[in-house]
Undergrad: 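To start, I am sharing the structure in question, which I have written as structure tokens.
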Amino acid sequence: MADFLMPSLGADMEAGRLVEWRVKPGDRVERGDIIAVIETDKAAIDVEVWETGTVEALLVEEGTRVPVGTPLARIGSGAATGPVAAPPEPQAETPSAPGPPPLEAVPASERPSLPTSAPAPPPTGRLRVTPLARVRAEELGIDLARVRGTGVEGAITQADVERAASSAPAEPPVGEEPARTLTRPEPAAPPSPAGAPEARSTALRRAIAAAMSRSNRDIPHYYLSMAVDLSSTLSWIERTNQQRPVAERLLPAALFVRAVALATREVPEMNGHYLDGEFRQAEAAHVGFAVAVPGGGLIAPAILEADRKSLGDVMADLRGLVSRARAGTLRSSELSDPTITISSLGERGGVDAVFGIINPPQVALVGFGNIVDRPWAEGGLVGARRQVTLSLSGDHRVSDGHRGSLFLAAIDRLLRNPEQL
Amino acid sequence: MTAGGTRQLQYRVAMREAMREALLADERVFLMGEDVGAYGGCFAVSLGLFEEFGPERIRDTPLSELAFVGAGIGAALGGMRPIVEIMTVNFSLLALDQILNNAATLSHMSGGQFAIPLVIRIPTGGGRQLAAQHSHSLEGWYAHIPGLRVLAPATVEDARGMLAPALADPNPVLIFEHVLLYNVEEEVPLEPATVDIASAAIRRGGRDVSLITYGGSLPLVLEAAAELATAGIDAEVIDLRVLRPLDERTVLESVTRTHRAVVVDEGWRSGSLSAEISARIMERAFFDLDAPVQRICSVEVPVPYAQQLEEAARPRASEVVRVARALVEGRPVDG
Amino acid sequence: MSDAIRPAVERVLHELRPEADLETLPAGADLREELDLDSMDFLNFVIGVHEATGVDIPEADYARVSTLETCLEYLEQHAGA
């Protein structure tokens with residue numbers, strides 16, 4: 001028997017709202033089945049289960065927001081179980097029910113399924129908030145669970161609350177959870193999976209701003225760029241696509257993903273997470289691909305093990321991811337933290353290069369500008385070529401310009417040899 | 001008519017002037033204590049009064065605090081306005097029975113028929129290498145006792161002005177004079193100001209943190225506030241002035257503005273006046289607090305004789321600065 | 001023929017851009033420009049059209065289906081061919 005826990009769908013996720021159960025007690029589930037829809041600040045996500053067995057009990061009601069790590073359902077081993085118990089009271093976010101700490105950087109698939117195996121939970125899940133800050137938070141309608149404390153012993157102070165209020169203007173109560181102890185009643189009906197579009201867009205923008213501010217503060221970035229002649233590569237794609245069924249046609253983006261994934265094998269310090277003061281190199285390249293979502297904002301779902309998949313499979317993954325990201329139906333496993341991210345501006349437009357901000361805890365971001373016609377000198381001759389400007393935002397704590405140059409050179413070489421991708 | 005202009009006045013001289021004024025104004029006033037007459041007082045506060053007013057009104061007493069404080073109470077009951085000086089607060093313990101069981105209670109037990117218009121002046125505090133039997137700060141104990149008014153003049157103006165209203169009070173009043181203040185000189189108006197013996201004073205306005213103190217610690221707290229200002233921290237300094245009954249309102253209003261409080265008290269921490277202040281802030285201003293109340297007190301040892309040890313045992317400006325900064329900047333206070 | 005093709009194409013476009021109002025699309029407007037379709041969207045459009053009408057638009061012909069009108073014309077020419 002195992003508990004199905006509120007997953008961490010990104011390093012910055014602290015809590016999520018259970019929007020919808022796709023199963024009921026007594027249902028048989030297989031590993032990989034989508035059993036719930038969970039709403040984060042970024043999107044509504046279809047969440048997969050990692051156990052095979054029988055749903056014995058749903059522990060959290062639809063519409064409830066709970067911290068990462070909170071048991072959501074009990075999954076039985078699949079052997080004959082007794083009568084299914086009525087769902088117990090939902091475990092709403094309360095100070096007296098500490099969950100294990102958010103397992104931030106561990107991809108969903110690698111997380112232990114039992115909370116008891118979490119290392120050394122904090123002695124209490126209670127927030128430290130000064131009395132004055134609590135009063136101010138209530139006045140301003142600020143959710144204390146989202147405020148970072150800078151006071152004595154990390155307590156949330158009045159200034160922290162006011163800072164949070166000014167960075168979140170006119171926070172709509174709709175779709176937002178109330179403060180933990182200054183509880184306002186939850187709306188009776190759960191919000192629609194997509195949430196109110198404006199609230200979603202605001203929340204997403206705020207989540208991006210918070211992550212990027214942290215990145216700019218903590219990561220000493222360095223930037224490199226190089227122009228890549230894509231002419232022959234694009235011709236190769238055209239030729240290949242003539243032989244492919246329409247649904248399997250390739251886009252340059254798929255080649256970008258493969259080239260970056262394979263290049264991380266040559267310069268592995270670009271691929272992984274920097275956590276607790278040390279770099280942890282990833283076993284495989286889970287390449288995040290930044291997708292603009294309707295209503296504004298970016299989301300970077302992962303193409304898992306992009307270094308081990310064929311170009312066609314990567315293309316299929318990419319197509320699915322982009323579509324689902326835009327439709328707001330991403331799966332939980334696709335949102336586990338990538339190990340490196342690509343930001344590609346696409347084929348239309350005239351922007352040469354994109355210098356991105358690294359998405360923590362990752363240590364590198366590869367940018368691709370628009371594919372443009374530019375004069376190109378080769379062999380003493382100048383001619384018009386289709387080119388793309390490749391850029392690298394690197395983390396000086398892990399690598400430097402020399403290694404970054406080797407990485408870009410590897411991507412360039414791989415891109416110009418598409419048949420090897 | 002108020003004269004314009006100011007003069008330099010020493011705390012010790014201010015207290016002497018206040019006594020001289022009282023002796024001149026009311027012939028029921030007299031001073032008694034150990035060595036207050038011919039010697040001029042252990043801290044020279046009454047120097048010259050013996051010559052001016054004679055042995056009837058400036059009376060040297062035997063070394064028996066119990067006896068001469070009791071005599072003072074009797075004189076007050078009999079219609080006099082005695083000023084009794086006890087050489088140090090440590091010695092006042094010998095008279096504690098008279099102070100607590102008689103002075104503080106008789107008005108109450110007689111249904112208000114007896115007034116005790118007695119003033120007891122007591123030097124207090126350390127810092128002069130007088131060792132553990134002459135250096136303690138026990139005014140907090142007296143502030144525990146209903147029926148007494150307890151004053152702690154921390155400025156020359158208060159030293160000059162508090163005696164007259166204390167003598168006018170029908171209840172016994174204790175005036176604690178910190179031994180380090182006697183040599184302090186300040187600019188005061190030529191015409192002595194009238195002061196009250198009921199309220200605390202804001203000695204420096206500020207927004208970020210309330211530093212609450214009294215008596216001999218006021219100078220070091222003001223010094224700390226000045227240093228905090230150079231670090232961009234705007235500290236408010238509250239001088240309690242009256243240790244009993246406490247002017248709770250001034251303290252609470254200040255904390256309500258600044259949301260942080262540090263209490264500086266030369267007494268020992270356990271069961272101290274600082275504990276009382278801290279508790280009242282917690283009781284009455286809890287929802288205005290943005291940080292836990294902090295206290296800076298003397299180390300809980302008998303005050304050492306060795307200079308550097310005595311220095312280390314007493315509250316210091318640097319410690320006030322450190323704690324106040326930690327509070328405002330959100331760093332651990334212990335360190 | 002166009003009676004069946006037009007709703008099919010509009011349905012594909014609607015799936016890609018649920019918020020877009022095709023009624024107000026200016027005549028002759030470039031679909032990619034007007035609906036802000038990137039290459040992935042356009043590929044999905046071509047795939048959707050293929051599923052709905054059976055017409056396979058090769059990359060080389062993408063320029064000929066850039067507006068709603070030219071696209072319908074192209075599909076009419078190639079449908080059932």
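What you see is a predicted model; the values in this text were computed from it and never measured. Chain naming here is simple, since letters A, B, ... match the order of the sequence lines and numbering starts at 1 in each.
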Undergrad: Is the CD atom of Glu311(B) crowded by more than 12 outside heavy atoms at less than 6.0 Å?
TA: no

Undergrad: If you draw a 6.0 Å radius around CZ in Arg249(B), do more than 12 non-hydrogen atoms from other residues or ligands fall strictly inside?
TA: no

Undergrad: Look up atom CG in Asp290(B) and atom CD1 in Ile156(A), then write down how far apart they are to the nearest 0.5 Å.
TA: 11.0 Å

Undergrad: Around Tyr305(B), counting heavy atoms of other residues, nucleotides and ligands shown, do more than 12 lie under 6.0 Å from its OH?
TA: no

Undergrad: Using non-hydrogen atoms and a 4.5 Å limit, figure out which bit of Thr150(A) sits close to chain B: side chain, backbone, both or neither.
TA: backbone

Undergrad: Check the surroundings of atom CD in Glu253(B): do more than 12 heavy atoms from other residues, nucleotides or ligands lie under 6.0 Å from it?
TA: yes

Undergrad: Might you point out which heavy atoms bring Val152(A) and Ala326(B) nearest each other, and give the distance in Å?
TA: CG2-O, 4.0 Å

Undergrad: Quick one: list whatever passes side chain to side chain donor-acceptor pair (under 3.5 Å) with His134(B), sequence neighbours left out.
TA: none

Undergrad: List, one per line, each side-chain donor-acceptor pair under 3.5 Å for residues 143-159 of chain B, sequence neighbours excluded.
TA:
| from | atom 1 | to | atom 2 | distance (Å) |
| --- | --- | --- | --- | --- |
| Arg149(B) | NE | Asp169(B) | OD2 | 2.9 |
| Arg149(B) | NH1 | Ile197(B) | O | 2.6 |
| Thr155(B) | OG1 | Asp158(B) | N | 3.1 |
| Asp158(B) | OD1 | Arg241(B) | NE | 3.4 |
| Asp158(B) | OD1 | Arg241(B) | NH2 | 2.9 |
| Asp158(B) | OD2 | Arg203(B) | NH2 | 3.0 |
| Asp158(B) | OD2 | Arg241(B) | NE | 2.7 |

Undergrad: Just to verify, what does Asp218(A) make a salt bridge (Lys or Arg N to Asp or Glu O under 4.0 Å) with, not counting sequence neighbours?
TA: none

Undergrad: Strictly less than 4.5 Å between heavy atoms, which residues of residues 265-288 of chain B line up against chain A? Please order them by number.
TA: Phe286(B), Phe287(B), Asp288(B)

